[in-house]
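In what follows, every heavy atom counts, from backbone to side chain, and hydrogens, waters and symmetry copies are set aside. Values in this document were obtained by computation on a predicted structure and should not be read as measured data. Read the numbers this way: they start at 1 and go in the same order the structure lists the ligands and their atoms.
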Amino acid sequence: MAKETHQFQTEVKQLLDLMIHSLYSHKDVFLRELISNASDALDRLRFEALTKPELLTEGSLLQIRLELDAEAKTLTIHDNGIGMSRKELIDNIGTIAKSGSAELVKKMKKTTSGDAEIGELIGQFGVGFYSSFMVSEKVVLVTRRAGKKSAIRWESGGKGDYTIDRAERDSIGTTITLHLLPADEEQAVEDFADEHVVTTIVHRYSDFIAYPIVLKTKDEDKTLNSMKPIWERPASEVTDDEYAEFYKHISHDWRAPLERILQRAEGTIEYRALLFIPSEAPTDLYYVGAEAGLRLYVKRVSIMERCEELLPRYLRFVRGVVDSSDLPLNVSREMLQHDRQIRQIRKGLLKKILDALKKMKSDDEEKYLKFWAPFGRSLKEGVSEDSENRDKVTELLMFSSSADSGKLTSLADYVSRMKEGQDKIYYLTGDSQDVVESSPHLEAFREKGVEVLYLTDAVDELLVDVLTEYDGKKLQSAGKGALDLGTEEEKKEQKNELDEKGKAFETLLARTQEALSERVKEVRLSTRLTTSPACLVSGEGDVSPRVEKWLRQQQGDMPIQQRILELNPSHEIVTRLKAKLDVQESSETVLEYAELLYGYALLAEGSDIADPADFARRFAALMERGLNAPD
Ligand code: ADP
Ligand code: MG
């Protein structure tokens, strides 16, 4: 292999450019990132060695070594971890795979303001290995993959390209040499070739790293970190910052977590858990294949980076570690799926997390809302996914509602506000709060002051399929079935009135039904409208219009689900149509208006019209007629 020059991916170039020129004031985090990568590499080696013990050479201690050269102005980080093959090197360093960084670049392009804001962005996203260019004019990396004979040398000045070349390395692992930029007080660049500076940084960010971080000095080798697993230490002795640094290391997130949860289980099964709820969702949280799982340790040895068996899918946003002394060290994936102990741990963790969320919700609503905004949708999945804990998860749900459209409410709060005589919890599903809020289905609710929950997440459709009752009250869609709001007396009165009107409007209803016979199964008078002339209502057992739309998108031409068209007997359009029929029973206008009212009802609730061109034509004709009429 001859020396090759490669261009960085465009996004990486932009990122590096940003990094090099930013005035970001915490440049020392580069060391945390490189040590974190080295520690990951050692974890991976140990994990691969479970099945290939020959990878661990006898007598060699897994560790991270730091070397400083004050004269040459270099800082070198060695690890004897898994290393990288040529392909891995090109894939991992040189391109951006992480969604976070890609998003950073996107945001960066939009930013027109100064370096301070860009520094802020770096702080939010974190950019791992590349952060070394904040402090270096040149970075040289020599790596040899476990199981390979030859090594590779990677070198870059961070300017747009890098070179790859064959190299020598006695043993597996990675060595990264930073050729440091001169220290500069103004630019907040410390002297990173200074022993004292480096020692302080390691103490601050990397004390918990489970492998020795050894600093080679003139006289001796000094281990800088305590290596004490942070979950073993009494919580009273660990600072928030230390927990946050640990979280950043295991989650690859640069932001501090929103919440931490410690669990120490003793008894039939023993384990320790240190869990975190992030402050923001990773960008892929709601996609198939989103990263999930906790780090699994067995007797303080990292066994698996992401053990998905430890949590149900709907809690996939939780990060953290579980350390068990009861599992065997050579635990395998297959085994995990059926292991009784894993199941018990999972049960314990689940209970702990749900309890912690419940507590947060009752003690610190502000914090709970911060949790809910990114992760609420995920939690909602739990209602259908986890029948065993359905009641607990249900208590954690929040919805926007007509009571106060700017605020979220829980089901319990909804119930406490229910009107006298109200026996159901009403909701309406739809694509967005705006669409739902302005739907004609809510008119009578608004008039009677009955609260309606707005269910606008896609997962809500599934939710209401499963969650049919809460606290003995039925959950009822405001867009389904016949509506009866008010006290018993009011209901009776309403019914009598409707029966009476029904007779008067009989012909109109029959003619409209005739005109729309292929699309609606019934035309009836409405009790839910005050200002709109018409709306469409689903039968009790029907899927919502939104679900119908999704099904159609997936299955192509699906027959239209026949719904019920409700007409508002107090609306002028409806009364005048009736009057027309009273005079001339065969009036054709009614047919034309039936189509228009049907299209109107679809649009008003946010649904699509099957034949928009036809509707547009009818609408234009109507406008023309309107213009012909005297002003
Ligand atoms: P992250 O650690 O979040 O994945 P980084 O930019 O820090 O992002 O590192 C990118 C990738 O480069 C790592 O995921 C890893 O695969 C690889 N890598 C970095 N440093 C090392 C190392 N010392 N040994 C082996 N692989 C490494
Ligand atoms: Mg990293």
Side-chain angles (χ1 to χ4, degrees), residues 8-9 11-16 18-19 29-49 55 62-67 75-105 122-136 139-148 151-156 158 162 164 167 169 171-178 205-206 209-211 213 245-255 278 282-284 291 295 302 305-306 319:
F8 281 117
Q9 188 193 22
E11 283 82 359
V12 178
K13 262 188 222 176
Q14 288 166 329
L15 201 60
L16 286 170
L18 164 80
M19 202 86 78
V29 295
F30 81 91
L31 190 56
R32 163 183 91 190
E33 292 303 309
L34 296 181
I35 288 175
S36 174
N37 286 349
S39 165
D40 287 347
L42 291 164
D43 280 346
R44 279 174 206 152
L45 175 64
R46 194 141 65 175
F47 184 59
E48 266 190 38
L55 291 182
L62 296 182
Q63 61 174 342
I64 300 161
R65 297 177 67 82
L66 306 178
E67 271 172 51
L75 162 58
T76 303
I77 298 123
H78 296 276
D79 69 68
N80 49 354
I82 192 83
M84 281 177 274
S85 66
R86 180 173 179 278
K87 181 173 182 320
E88 284 167 335
L89 189 57
I90 292 174
D91 287 349
N92 297 336
I93 293 175
T95 45
I96 296 189
K98 270 180 304 171
S99 45
S101 324
E103 199 183 315
L104 168 62
V105 172
I122 295 179
Q124 273 174 39
F125 285 87
V127 272
F129 173 80
Y130 301 116
S131 59
S132 45
F133 286 100
M134 292 197 297
V135 300
S136 317
V139 176
V140 179
L141 182 151
V142 176
T143 186
R144 184 173 144 197
R145 179 71 168 76
K148 300 242 182 217
I152 309 156
R153 178 189 159 94
W154 180 101
E155 184 180 323
S156 177
Y162 61 89
I164 292 187
R169 204 176 191 283
S171 52
I172 61 169
T174 303
T175 299
I176 298 172
T177 304
L178 307 181
Y205 295 123
S206 310
I209 293 287
Y211 305 95
I213 302 168
E245 287 307 328
F246 178 71
Y247 163 77
K248 290 174 188 174
H249 167 63
I250 57 163
S251 65
H252 297 209
D253 183 355
W254 273 35
R255 290 158 295 212
T283 42
D284 66 352
E291 288 203 332
R295 276 202 189 200
S302 167
E305 230 176 298
R306 292 188 172 277
R319 298 279 174 263

Fill in: ligand 1 atoms in contact with G128 (distance to a heavy atom under 4.0 Å)
5 (P), 6 (O), 7 (O)
Response to the item:
Note: ligand 1 atoms sitting under 4.0 Å from heavy atoms of F129 are 5 (P), 6 (O), 7 (O)
Discussion item. Counting only nitrogen or oxygen atoms and a 3.5 angstrom limit, does H252 reach ligand 1?
Written reply: yes
Discussion item. Under 3.5 Å between any N/O of N92 and any N/O of ligand 1: does that happen in this structure?
Written reply: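 There is such a contact, yes.
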Response to the item:
For H78, the ring-ring contact (aromatic ring centres under 6.0 Å, His included) test, sequence neighbours excluded, returns none
Worksheet item: Among all residues two or more places apart in sequence or in another chain, which pass the ring-ring contact (aromatic ring centres under 6.0 Å, His included) test with Y247?
Response: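 Result, ring-ring contact (aromatic ring centres under 6.0 Å, His included) vs Y247: F276.
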Discussion item. When you measure from the heavy atoms of R44 to every atom of ligand 1, does any distance fall below 4.0 Å?
Written reply: yes
Worksheet item: Just by distance, with hydrogens left out, do S302 and R295 show a side-chain donor and acceptor under 3.5 Å apart?
Response: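 No pair is found: no donor N or O on one side chain lies under 3.5 Å from an acceptor on the other.
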Is there a donor-acceptor contact under 3.5 Å from the side chain of [X] to the main chain of [Y]?
{"X": "Y205", "Y": "H249", "result": "no"}
{"X": "R32", "Y": "S36", "result": "no"}
{"X": "D253", "Y": "P278", "result": "no"}

Discussion item. Please determine whether S36 has a backbone or side-chain N, O or S atom lying under 2.8 Å from the Mg ion (ligand 2).
Written reply: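 False for S36.
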Item to complete: Check D79 against ligand 1 and report side chain, backbone, both or neither, counting heavy atoms closer than 4.0 Å.
Response: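 Only the side chain of D79 comes within reach of ligand 1.
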